[in-house]
Amino acid sequence: MKSLLENHFTGLMITLWIIYIIPILIASYRKCNHINGIALVNILLGTSILGWVGALVWAVSDKKETFKLPKHRIWVYISVIFMVIGTIGSIFIYKNMYNKPHADIENTMPAYSLNAQELWKQYNQELKLADSLYTGKVIEITGNLSKIDKVDSLVYLVFVMEPDPDFGDKTIRCEMLPKYNEEASKAIVNAPLKVKGFCSGYDQTDIKFSKCSIIK
Amino acid sequence: MNNSTFKSILIAVGMSFCIISAASAQKYSTKNGRISFFSETAAEKIEAQNTQVNSALDITTGDFVFKILIRGFEFEKALMQEHFNENYLESDKYPNSTFRGKVTNLKDINFTKDGKYNATVEGDLLIHGVTKKVSVKGTFEIKAGSVFADSKFTILIKDYGVKIPNTVINSISESLEIKVSVELKKLIN
């Protein structure tokens, strides 16, 4: 089940933008004397709800002209153009910001490239500093592969660092992108390997990486 | 029997006790525990999952530990994930979350016999730099030598000092439903 906003976003935006220009439409329909002022207040101050209410009150109470003047028509055109641009703009922002895609880790330049032992040493000696440098970033590490773990449909390349009484070992643990599963399964244990991925941090047992790829 | 023989027998007996208790200190653990959370309001559905949770259970003492990296939570929407890390959980400042506690009804669970047992776990839950005592109900399922621990519970966001801006206060629920599911395997030393 998707949320209300997601399912009806376009409809919601069109409705909101039509509501936004209602004072101008009323002013034009009533042939208001001060349509220029009403329209400017509506467009420029309409986002503050007070400005919009002001424009609306003005539009329904303003003196009428006897005849429809060009300005009454022109403001309708302007407001409709304004509404269309606003709607398209909001949909564009929604698609590109609200619904922006996840970072493509595989094709991101690594922020740092270093040796597995070195990364381990830094996280253990200066956790805060290492967190600020590496956690949440794309990192490339080189090391001798210790083992390959398979859990459900996921493949992990593991660099074992120390023994651990609770978990068996302390490691750097790299969860592979599914498209690298086959290649990772065939990786040679004890041979040097370069892996790139998103570093989620160190939990005092493992430094964890996700969305990893093998670098040749 | 002279004194020194007696002493050495005593030491030998003492040592064998140590060895027995060390051998029976059985630990179960995983590095691929799953923790997900869920919140829903009319405007927004929030769901995230972490599949790399470290968890260890000592079945002789009942000690139960979870270690979670906040950056390891994955959302469907990248923007939500960004807000979660940067604005709400402040994962640069508080990258880790942990639970350290004990199974309080250890005697009701027979870890050598397959079956499903109800369990209560009590301990300290650390989120966003704030530690709170929690008591959580769940189940242990013993199957083929593994321990499957499952639980579902609710936490209040404000208990952990997570601030939600007024502009989005209506689209984010005050409570989060947390689901824990770990398959603990016996640790072979």
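Numbered from 1 within each chain, the chains take letters A, B, ... in sequence-line order.
More than 12 heavy atoms of other residues, nucleotides or ligands lie within 6.0 Å of CD in A:Q204, so this atom counts as buried by the packing criterion. Atom CD of A:E182 has 12 or fewer heavy atoms from other residues, nucleotides or ligands within 6.0 Å.
Between the side chain of A:S200 and the backbone N or O of B:L69, no donor-acceptor pair lies under 3.5 Å. No donor-acceptor pair under 3.5 Å is formed between the side chain of A:K208 and the backbone N or O of B:G72. Remark: the backbone N or O of B:T51 is not paired with any side-chain donor or acceptor of A:E175 at under 3.5 angstrom. No donor-acceptor distance shorter than 3.5 angstrom exists from the side chain of A:H102 to the backbone of B:L79, with no hydrogens or angles considered.
Interface residue B:Q81: only side-chain heavy atoms are found under 4.5 Å from chain A. Proximity to chain B is limited to the backbone of A:Y202, based on heavy atoms less than 4.5 angstrom apart. Looking at A:T205, the atoms closer than 4.5 Å to chain B (heavy atoms on both sides) sit in the backbone and in the side chain alike.
Between A:K211 and B:E74, at least one side-chain nitrogen of the basic residue sits less than 4.0 Å from a carboxylate oxygen of the acidic one, meeting the salt-bridge criterion.
Rounded to the nearest 0.5 Å, atoms CG (B:L187) and CZ (A:F167) are 9.5 Å apart. In this structure, A:F209 CZ and B:Q52 CD are separated by 10.5 Å, a value rounded to the nearest 0.5 Å.
Looking at A:K100 and B:K77, their side chains never come closer than 4.5 Å, going by heavy atoms from C-beta outward. Between B:K31 and A:T171 the shortest side-chain heavy-atom distance falls below 4.5 Å. Within the 4.5 Å cutoff, no side-chain heavy atoms of B:R71 are placed close to those of A:S210.
Top candidate by heavy-atom pairs under 4.5 Å with chain A, chosen from B:F73, B:F75, B:Y28, is B:F75. Ranked by heavy-atom pairs under 4.5 Å with chain B, the first of A:D152, A:D131, A:D206, A:L154 is A:D206.
Nearest approach of A:D203 to B:K67, heavy atoms of both residues: O-CD, 3.2 Å.
Neither side chain, A:R173 nor B:N54, offers a donor N or O lying under 3.5 Å from an acceptor on the other.
Heavy-atom proximity under 4.5 angstrom to chain A picks out B:P95, B:N96 from residues 91-130 of chain B.
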